[in-house]
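Accompanying notes for the structure given below.
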Amino acid sequence: MEKGELIYMGKAKSLYASEKDGELISCFRDDMTAFNGEKKDTFSGKGAYNATVSAFFFDYLEKNGVKTHFVKMLDESTMVVKKMTMIPLEIIARNVAAGSITKKLPFTEGQLLNPPVIVTDYKDDSRGDPSLNDDLILALGLLTKDELLALKETTLKINRLLYDFFDELDLILVDFKIEFGRYGDLILLGDEISMDSMRLWDKDTKESFDKDVYRYNKGNVMDAYGKIVAKIEEWKKEHLK
Ligand code: 5GP
């Protein structure tokens with residue numbers, strides 16, 4: 001399957017037209033950015049790590065009843081996805097307080113959030129991805145009331161599935177960000193689910209295995225990502241015989 005014209009270039013992925021109607025080709029690049037693009041680097045193999053992990057989770061979630069945009073992998077850093085109209089929302093689920101929530105609100109890093117907290121940010125770098133409440137989401141016409149309720153339920157379901165999965169690997173899913181898009185009458189999970197878009201801590205040491213390693217110079221980010229990929233490969237060998 002040949003890549004067509006470049007349709008969109010994000011900070012870590014490029015989207016190309018596909019020869020097949022209703023599909024796009026998503027290339028995970030080796031670029032890594034943080035702090036709204038202020039910090040930038042390239043790490044060889046990073047795109048493949050994130051694409052492989054995303055494909056695994058899209059497949060895992062589909063098998064557990066979550067509809068996603070994932071179609072198939074073309075190579076280790078390229079996937080075919082359904083062509084959606086993205087909803088400009090970053091939906092963040094938090095099980096443990098970390099990152100921006102500890103800066104904006106009086107939560108202590110590591111504080112358990114049970115039940116999990118869902119926050120919704122408007123996806124717009126030029127505005128600094130401002131936080132939206134339900135009324136603002138409805139007023140902006142981003143979702144209907146029913147869609148908003150359904151997306152929150154789906155996010156909680158995804159959180160439960162991913163939390164339990166990582167728990168088995170002795171990791172804590174601290175938080176993650178997901179995005180959804182419209183595909184005909186359906187709303188599907190899109191974008192990616194990778195170490196770039198979640199926080200993962202070792203259960204015992206609370207060591208980070210995610211983009212915080214890069215954001216806060218906590219060590220070698222490719223080693224950290226590689227350890228997650230290896231753990232998932234190990235899980236696959238055990239469970240997908
Ligand atoms: P925070 O609000 O603490 O910065 O982020 C919460 C979670 O969402 C973290 O796991 C973080 O990696 C993820 N996240 C927030 N904004 C973005 C974003 O613009 N891109 C990506 N890839 N992940 C994000």
Side-chain angles (χ1 to χ4, degrees), residues 8-15 26-43 46-47 49-55 57-58 68-69 77 79 81 86-113 116-133 151-152 155-156 158-159 162-163 165-166 171-181 189-202 206-218 221 224-225 228:
Y8 174 79
M9 186 147 168
K11 290 198 278 282
K13 294 192 296 300
S14 303
L15 274 179
S26 176
C27 296
F28 287 62
R29 303 195 315 271
D30 288 341
D31 301 325
M32 173 132 8
T33 69
F35 310 120
N36 208 357
E38 275 171 43
K39 184 172 176 176
K40 272 189 206 161
D41 283 284
T42 302
F43 297 99
K46 180 252 182 188
Y49 275 169
N50 277 357
T52 307
V53 168
S54 284
F57 282 122
F58 285 137
T68 80
H69 71 160
S77 57
M79 63 174 69
V81 297
M86 292 307 289
I87 299 164
L89 280 177
E90 296 192 341
I91 304 190
I92 295 164
R94 299 178 183 275
N95 298 299
V96 176
S100 67
I101 200 174
T102 63
K103 296 186 180 85
K104 293 180 191 158
L105 292 166
F107 288 107
T108 318
E109 167 129 334
Q111 187 179 335
L112 282 186
L113 302 171
V117 170
I118 296 180
V119 294
T120 39
D121 291 350
Y122 186 60
K123 189 177 164 77
D124 184 343
D125 282 344
S126 69
R127 292 183 159 88
D129 296 341
S131 205
L132 297 179
N133 66 12
L151 279 201
K152 283 191 183 179
T155 302
L156 285 175
I158 294 170
N159 183 49
L162 296 184
Y163 188 92
F165 177 85
F166 283 117
L171 292 161
I172 303 169
L173 176 64
V174 171
D175 56 33
F176 62 92
K177 183 266 305 178
I178 45 178
E179 296 178 27
F180 293 89
L189 177 65
D191 194 48
E192 66 182 281
I193 301 184
S194 72
M195 291 73 80
D196 269 13
S197 58
M198 57 175 81
R199 285 195 174 91
L200 290 170
W201 291 355
D202 179 278
K206 309 288 188 287
E207 188 186 348
S208 295
F209 288 92
D210 55 60
K211 199 161 151 182
D212 275 355
V213 176
Y214 172 70
R215 286 190 189 100
Y216 303 112
N217 305 312
K218 289 180 174 195
V221 70
Y225 281 27
I228 300 300

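Every number for a ligand or one of its atoms is a count from 1 in the order of the listing.
- Where the criterion is an N or O separation shorter than 3.5 Å, residue side chain and backbone included, Lys211 fails it with respect to ligand 1.
- Numbered from 1 in the order shown, with element, the atoms of ligand 1 that lie under 4.0 Å from a heavy atom of Ala98 read 3 (O).
- Distances from atom 22 (N) of ligand 1 to the heavy atoms of Leu200, Leu173, Ile101, Asp196 show the closest one on Asp196.
- Listed by number with element, the atoms of ligand 1 under 4.0 Å from a non-hydrogen atom of Glu90 are 16 (N), 17 (C), 18 (C), 19 (O).
- Here the options are Thr68, Thr155, Asp191, Leu89, the test is side chain to side chain contact (heavy atoms under 4.5 Å, CB included), and the partner is Phe180; only Thr155 passes.
- Across all non-hydrogen atoms, the minimal contact from Thr102 to Gly99 is OG1-O, 2.7 Å.
- Using modelled atom types, one finds a donor on one side chain and an acceptor on the other under 3.5 Å when comparing Tyr214 with Asp41.
- Given atom 1 (P) of ligand 1, the protein heavy atom at minimum distance is Ser100 OG, 3.3 Å.
- Both tests do not hold together for Lys46 against Tyr225: distance to the six-membered ring centre under 6.0 Å, angle to the ring axis within 45°.
- Per-residue contacts place Gly99 under 4.0 angstrom from the following atoms of ligand 1 (heavy atoms of the residue considered): 3 (O).
- Of all non-hydrogen atoms in Ser26 and Lys13, the two that sit nearest each other are OG-CD, 3.8 Å.
- Salt-bridge annotation for Lys11 and Asp125: present, with a side-chain N of the basic residue lying under 4.0 Å from a carboxylate O of the acidic one.
- Of all the heavy atoms of Lys11, none lies under 4.0 Å from any atom of ligand 1, so neither backbone nor side chain is involved.
- Scanning all protein heavy atoms for the shortest distance to atom 5 (O) of ligand 1 gives Arg199 NH1, 3.7 Å.
- In Arg94, the part holding a heavy atom less than 4.0 Å from any atom of ligand 1 is the side chain.
- Using cut-offs of 30° and 60° on the angle between ring planes, the pair His69 and Phe58 is perpendicular.
- The nearest protein atom to atom 20 (N) of ligand 1, hydrogens excluded, is given as Lys177 CE, 3.6 Å; this is a heavy-atom distance.
- A salt bridge links Arg199 with Asp175: the distance from a Lys NZ or Arg NE/NH1/NH2 to an Asp or Glu carboxylate oxygen falls below 4.0 Å.
- Residue, atom and distance of the protein heavy atom nearest to atom 7 (C) of ligand 1 are Asp175 OD1, 3.4 Å.
- Of all protein heavy atoms, the one lying nearest to atom 12 (O) of ligand 1 is Arg215 NH2, 2.9 Å.
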